[in-house]
> 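Structure incoming, see below.
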Amino acid sequence: MNVLLRALAYGVILINLLPAIGVGGFLFKPDLLIVGLMCIIVLSDTKNYVLRQKEVKFLWVIGVSLFLLMFISDNLGYYYYKPDYSLYFPRESIQIFARISALVAFMYIGHGQIIKSKKFFRIVSLSFLLSLAFGLLQKVGGVPLIESISIDFYALSEQQIQSITSTNARVFGTAGNVLTWGGLSMMMFFYFYFIEKRKVFKTAGILLALTNVFISGSRASILATIIAFVFIQFYRAIAIDKKISKAFLRVVVMVILGLASVWVLLFYFSEQIEFIAFRFLNTQDDLTQQGRGAQLQYFLRYFDGQPILYFFGIGKPIMDDGLMLMEIEFTYLLFAYGLLGFVLHYWLIWLVVKLARKLWWINEKYYLFLITGIVGFIIFSVGYYFFREIIGGLPFWWLSGYLLGVMLREQVELRRATEKNNEQIFTGADIGINNNRI
């Protein structure tokens with residue numbers, strides 16, 4: 001079984017490089033299904049240490065609770081607002097179970113070292129570097145092969161196809177969506193910053209990831225990267241290093257590097273900078289008068305005179321059938337699944353944070369990546385999706401799972417080593433006592 005699990009895990013990691021596939025008009029990446037199979041294999045090992053963790057057990061309780069709530073919310077909204085009501089199955093629940101499955105399956109792999117850490121991080125770094133290089137080449141242009149592959153395989157809409165040849169092209173990398181790609185590039189930046197140890201790969205990964213965050217044109221990912229980075233430096237200085245001066249030093253260094261990068265980008269991507277500056281200048285209007293602000297006002301009208309909907313929401317079918325999208329994820333969750341759904345979704349995040357916090361002393365770098373990634377994606381979800389992204393939504397979860405699994409393994413090994421040392425000390429003391437008696 002370990003051989004199969006290892007092969008499936010490699011597939012999930014490398015799928016990051018592949019385009020989405022379409023089945024009946026439904027676009028997704030196969031990792032959504034593969035992690036489910038992996039988790040079935042893992043769950044068959046009922047005595048495994050990972051599955052005995054109370055946080056892991058409660059993940060499944062939350063997952064089942066969300067499924068039941070989605071069933072209620074979807075059908076409740078259907079009943080109120082659809083003239084042709086019929087029983088609706090909450091297909092979107094697959095995304096929640098896929099995330100839990102990815103986290104648990106890779107925790108199992110990390111804990112059991114089914115893929116050794118050195119090999120795991122090498123293949124992850126390779127996958128990330130290749131995808132980031134592909135994204136950069138989309139923007140640089142003049143590479144017919146990259147342009148052809150992007151148009152034929154990775155672009156998910158006519159707009160994406162047209163953007164490839166535009167001077168203000170917003171790069172969508174291997175995700176097929178500029179916003180998804182911005183969020184993934186942010187996560188990859190934090191991966192190379194905290195996890196990758198080889199200096200050449202670390203430097204290349206950081207530079208490529210930051211460049212891709214920028215050329216994605218995603219305000220959400222740009223702001224999330226900056227805010228999460230500054231936050232973690234002060235959090236690290238206060239909670240771990242106990243030296244606030246280190247946070248200021250790291251932030252100053254990154255500000256200098258950031259300004260130098262902007263200066264370089266002005267030469268190569270001057271039109272892109274003007275385009276992003278224009279988007280940021282219109283952020284207030286987008287959040288209040290139009291764009292996401294208009295989305296908020298549009299969906300609020302569904303709740304007039306229906307207090308029960310504040311608890312259960314109006315369900316995904318009604319949200320999707322509206323004339324507008326809702327791209328602020330926490331309001332989407334609140335509208336679709338009510339207060340109960342909002343709490344349950346973010347409870348999943350809290351369980352990951354709780355487990356990471358319990359293990360932080362095992363590996364500080366892993367812990368900092370997990371916290372920074374979560375903070376970054378929560379900020380990012382003001383502009384796009386974290387829980388609901390179907391094409392590029394799993395890398396953070398399987399990577400976090402592996403890191404937590406390794407930390408659990410090291411915790412067990414340290415505990416055993418401590419117990420062994422204590423046993424030797426007590427044994428030695430007994431021998432000394434007996435010798436004194438003789």
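Quick caveat, the model's predicted, so the values are computed rather than measured.
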> Could you check if a side-chain atom of I222 sits within less than 4.5 angstrom of a side-chain atom of I226, using non-hydrogen atoms only?
yes
> Any chance you could lay out the side chain to side chain donor-acceptor pair (under 3.5 Å) test for Y191 and S125, step after step, and finish with the verdict?
CA-CA 9 Å; Y191 166 81; S125 293; 2.8 Å; yes
> So, R6 side chain and I114 main chain: donor-acceptor pair closer than 3.5 Å or not?
yes
> List the atom of T174, the atom of W181, and the distance in Å for their closest heavy-atom pair.
OG1-CZ3, 3.4 Å
> Between the main-chain N or O of S117 and the side-chain N or O of Q113, is there a donor-acceptor pair closer than 3.5 Å?
yes
> What heavy-atom pair brings G63 and I96 nearest, and what distance separates the two atoms?
CA-CG2, 4.3 Å
> Taking F229 as the fixed residue, which of F369, Y193, F190, Y235 is the one that meets the ring-ring contact (aromatic ring centres under 6.0 Å, His included) rule?
Y193
> Please check: side-chain N/O of Q138 versus main-chain N/O of G173, any donor-acceptor pairing under 3.5 Å?
yes
> Evaluate Y337 against D74 for side chain to side chain donor-acceptor pair (under 3.5 Å), listing each step before the verdict.
CA-CA 8 Å; Y337 309 114; D74 290 356; 4.6 Å; no
> If the threshold is 4.0 Å, N to carboxylate O, is there a salt bridge linking E196 and R198?
yes
> Are the aromatic rings of F386 and F377 close, with centres under 6.0 Å apart?
yes
> Are more than 12 heavy atoms from other residues, nucleotides or ligands located less than 6.0 Å from atom CH2 of W60?
yes
> Could you give me the CA-CA distance, side-chain angles and deciding distance for I40 and S44, then say whether side chain to side chain contact (heavy atoms under 4.5 Å, CB included) is met?
CA-CA 6 Å; I40 291 171; S44 66; over 6 Å; no
> Could you tell me whether the side chain of S400 and the main chain of W397 form a donor-acceptor pair under 3.5 Å?
no
> Under 3.5 Å, is there a donor-acceptor pair between the side chain of E329 and the main chain of R388?
yes
> Under 4.5 Å between any side-chain heavy atoms of F121 and K197, yes or no?
no
> Locate the shortest heavy-atom distance separating V50 from V56; write the atom from each residue and the value.
O-CG2, 3.5 Å
> Do L348 and R99 have side chains that approach each other closer than 4.5 Å (heavy atoms only, starting at C-beta)?
no
> State which residue, out of Y385, Y384, Y154, fulfils the side-chain hydrogen bond (donor to acceptor under 3.5 Å, both in side chains) condition with N177.
Y384
> With a 3.5 Å distance limit and no angle check, can you tell me whether N212 reaches the backbone of L132 through a side-chain donor-acceptor pair?
yes
> Could you check F120 against I13 for side chain to side chain contact (heavy atoms under 4.5 Å, CB included), going step by step and ending with a plain yes or no?
CA-CA 9 Å; F120 178 84; I13 296 168; 3.6 Å; yes
> Got a sec: does the CZ of F67 have more than 12 other heavy atoms crowding it under 6.0 Å?
yes
> How many angstroms lie between CG in L344 and CD1 in I62, if you round to the nearest 0.5 Å?
5.0 Å
> Locate the shortest heavy-atom distance separating H111 from R409; write the atom from each residue and the value.
O-NH1, 2.8 Å
> Using the rule given for side chain to side chain contact (heavy atoms under 4.5 Å, CB included), can you reason through L103 versus L59, listing the C-alpha separation, both sets of side-chain angles and the distance that settles it, and then say yes or no?
CA-CA 10 Å; L103 187 75; L59 280 172; 3.5 Å; yes
> Is any side-chain heavy atom of K82 less than 4.5 Å from a side-chain heavy atom of I318?
yes
> Just so I know, are the side chains of F71 and Y88 near enough to count as touching, which here means a heavy-atom distance under 4.5 Å?
no
> Determine whether K358 and L355 satisfy the following criterion, side chain to side chain contact (heavy atoms under 4.5 Å, CB included), listing intermediate values before the conclusion.
CA-CA 5 Å; K358 187 168 70 175; L355 185 57; 3.9 Å; yes
> Does S127 have any side chain to side chain donor-acceptor pair (under 3.5 Å) partners at least two apart in sequence or in another chain, and if so, which?
N16
> Compare every heavy atom of H345 with every heavy atom of F387, then report the nearest pair and how far apart it is.
CZ-O, 3.1 Å
> Report yes if the side chains of I371 and W360 come closer than 4.5 Å at any heavy-atom pair, otherwise no.
no
> Check whether more than 12 heavy atoms from other residues, nucleotides or ligands sit under 6.0 Å from atom OH of Y346, and answer yes or no.
yes
> If you define the side chain from C-beta out and look only at heavy atoms, does anything of T372 sit under 4.5 Å from F231?
no
> Roughly how far, to the nearest 0.5 Å, is the CH2 atom of W398 from the CD1 atom of I15?
10.5 Å
> Please check if the side chain of S131 supplies one atom and the backbone of F128 the other of a donor-acceptor pair under 3.5 Å.
yes
> Without swapping roles, check the side chain of S73 against the backbone of F312 for a donor-acceptor pair under 3.5 Å.
yes
> Identify the two heavy atoms, one from F194 and one from K202, that lie closest to each other, and give their separation to 0.1 Å.
N-NZ, 4.2 Å
> Once rounded to the nearest 0.5 Å, what's the spacing between atom CZ of F342 and atom CG of L340?
12.0 Å
> Answer whether the closest heavy-atom distance between the side chains of L37 and L8 falls below 4.5 Å.
yes
> Treating K29 as the side-chain partner and L18 as the backbone partner, does any N or O pair qualify as donor plus acceptor under 3.5 Å?
yes
> Is the side chain of R236 donor-acceptor paired with the backbone N or O of L368 at a distance under 3.5 Å, no angle test?
no
> If you measure from CD on Q95 to CG on L32, what distance do you get to the nearest 0.5 Å?
6.5 Å
